[in-house]
> 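After the structure tokens below, expect a handful of questions from me.
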Amino acid sequence: MIVLGIESSCDETAAALVRDDGLVLADVVSSQVALHAPYGGVVPELASRAHMQNIVPVLQGALDQWEGKLADVDAIAVTNGPGLVGALLVGVQAAKAIAMARDLPLVGVNHLIGHLMSVYLHREGDDHRAPQLPFIALVASGGHTALYEVRSADDVEQLGQTRDDAAGEAFDKVAKLLGLGYPGGPRIDKLAAQGDGESVALPRPLRRRGNLEFSFSGLKTAVAQHVAKHGRPEGEQATADLCASFQGVVVDALVEKSLLACTLREVPRLVITGGVAANRGLRARAAERAAELGIDLHVPPPRSCTDNAAMIAYAGACRLRGGANDGLDLPVFSRSPILGAPEGSPARKRYRSMRLPRA
Ligand code: KG4
Ligand code: ZN
């Protein structure tokens, strides 16, 4: 089965063709970073308009890359939440139009489940190793930071999440404070590599608590107070030192809480994904600590960690294999159907419409 995936939940317009075993046949991502950079964050109305302009060229680009035709596609998967409603609508409407014209099955995919599934993506010639089930997964992106236990083929449980800012949001806000531009993650990542992480003492939120929650807004405030007191660091080395100190605290929280989840759940396998998983400091620290503790670590390549449509196509393939077909009535959700469900409801804890490989 070949699935066409479409992603437009935030500021990336993406389309991909993926075989139902996770082999990526084509993967096109059009980023709106330059469009939003002057505003220091994503402007929803501009994002929707840019998706409108980009969606057809991106879809055509994916088909060209694959050298296949729409007639050879077996099903369509599209992100239908969580995300910016106007942005989501563009991808969902495009998906519905193709499904209707071609009479194809159509499934909606939760963006976060898409990130979780990115670990199953592989390319021709890759030395790919899928994690065994169950595994613990950290999704750290611009909009979400949460831990999950992916326990069996159709059972994903959320273990904890951030109480306030997402990790990527903290990177973006701190970069803005330091005048580094948007998006902040990649810029702080680059500078932090040359900095001294011990140079500025910053608070370590929820460090000693045994729970699986994160908090990053106090850390961002501490950086703001440091800048208010001492001014923006002067020169590249001083900026790099502050970036390294900030990144070190975030990375430590993400890695230690993920490992704590592995210990508490007695699951010695960890997947780290989402845009922040592109961070070199995080990748290095996670590898080091996982090796120390004998945890089997899986971190997809950066292009699979940041927003893309291949992960959506594969997550869609899992739902299609389970017999799902949402059809042309597919709704759009601004909040996560998992996170947005009422406290205590079964949906809050579990997302049961998946069929993951037993590998
Ligand atoms: O998953 P993603 O592409 O989009 C969302 O679903 O949010 O994540 C984007 C976030 C942004 O906040 C960006 O600053 C962050 O991921 N990010 C990074 C790096 N690359 C992207 N954060 C830290 N280090 C990076 N190298
Ligand atoms: Zn994302």
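In each ligand, atom 1 is the first atom listed, and ligand 1 is the first ligand listed.
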> Can you sort out which atoms of ligand 1 are near Thr306, meaning under 4.0 Å from one of its heavy atoms?
3 (O)
> Any Lys/Arg nitrogen of Glu256 or Arg204 sitting under 4.0 Å from an Asp/Glu carboxylate oxygen of the other?
no
> Does a side chain donor of either Ser199 or Ser245 reach within less than 3.5 Å of an acceptor in the other side chain?
yes
> Return the CE to CG distance between Met117 and Asn110, rounded to the nearest 0.5 Å.
10.5 Å
> Please list the nearest protein heavy atom to atom 26 (N) of ligand 1 with its residue and the distance rounded to 0.1 Å.
Asp189 OD2, 2.9 Å
> Taking only heavy atoms of Asn279, which atoms of ligand 1 are found under 4.0 Å from at least one of them?
23 (C), 24 (N), 25 (C), 26 (N)
> Of all the atoms in ligand 1, which lie at a distance below 4.0 Å from a heavy atom belonging to Gly143?
7 (O)
> Among Val139, Leu159, Val271, whose side-chain contact (heavy atoms from CB on, under 4.5 Å) with Tyr148 holds?
Val139
> So is there a nitrogen or oxygen of Asp307 less than 3.5 Å from a nitrogen or oxygen in ligand 1?
yes
> Determine yes or no for a side-chain-to-main-chain donor-acceptor pair under 3.5 angstrom, with Glu12 supplying the side chain and Asn308 the backbone.
no
> Which of parallel (below 30°), tilted (30 to 60°) and perpendicular (above 60°) describes His122 and His128?
parallel
> Taking both backbone and side-chain atoms of Gly142, is any N or O found less than 3.5 Å from an N or O belonging to ligand 1?
yes
> Would one find an N or O of His115, backbone or side chain, under 3.5 Å from an N or O of ligand 1?
yes
> Between Asp172, Val250, Val276, Leu282, which one has a non-hydrogen atom sitting closest to atom 12 (O) of ligand 1?
Asp172
> Looking only at protein heavy atoms, identify the closest one to atom 21 (C) of ligand 1 and say how far it is in Å.
Gly275 O, 3.4 Å
> Going by distance alone, is a donor N or O of one side chain under 3.5 Å from an acceptor N or O of the other, for Thr239 and Arg187?
no
> Applying a heavy-atom cut-off of 4.0 Å, say which part of His144 lies close to ligand 1: side chain, backbone, both or neither.
neither
> Any donor and acceptor pair, going by atom type alone, linking the side chain of Ser48 with main-chain N or O of Pro44 inside 3.5 Å?
yes
> Within ligand 1, which atoms have a heavy atom of Ser141 less than 4.0 Å away?
1 (O), 5 (C), 6 (O), 7 (O), 8 (O)
> Could you list which atoms of ligand 1 come closer than 4.0 Å to a heavy atom of Gly185?
14 (O), 18 (C), 19 (C), 22 (N), 23 (C), 24 (N), 25 (C)
> Is any side-chain N of the basic residue among Arg319 and Asp326 closer than 4.0 Å to the acidic one's carboxylate O?
yes
> Can you tell whether the side chains of Asp189 and Arg280 come within less than 4.0 Å, N to carboxylate O?
yes
> Output, by chain and residue number, all protein N/O/S atoms separated from the Zn ion (ligand 2) by less than 2.8 Å.
His111 NE2, His115 NE2, Asp307 OD1
> Would you please indicate if the ring centroids of Tyr182 and Tyr39 are separated by under 6.0 Å?
no
> For His111, is the nearest heavy atom under 4.0 Å from an atom of ligand 1?
yes
> Indicate the ring-plane relationship of Phe214 and Phe216, choosing parallel, tilted or perpendicular according to the 30° and 60° boundaries.
parallel
> Hydrophobic cluster mates of Val107, side-chain heavy atoms under 4.5 angstrom, ILVMFWY only, any path?
Met1, Val3, Leu320
> What atoms of ligand 1 come closer than 4.0 angstrom to any heavy atom of Gly168?
12 (O)
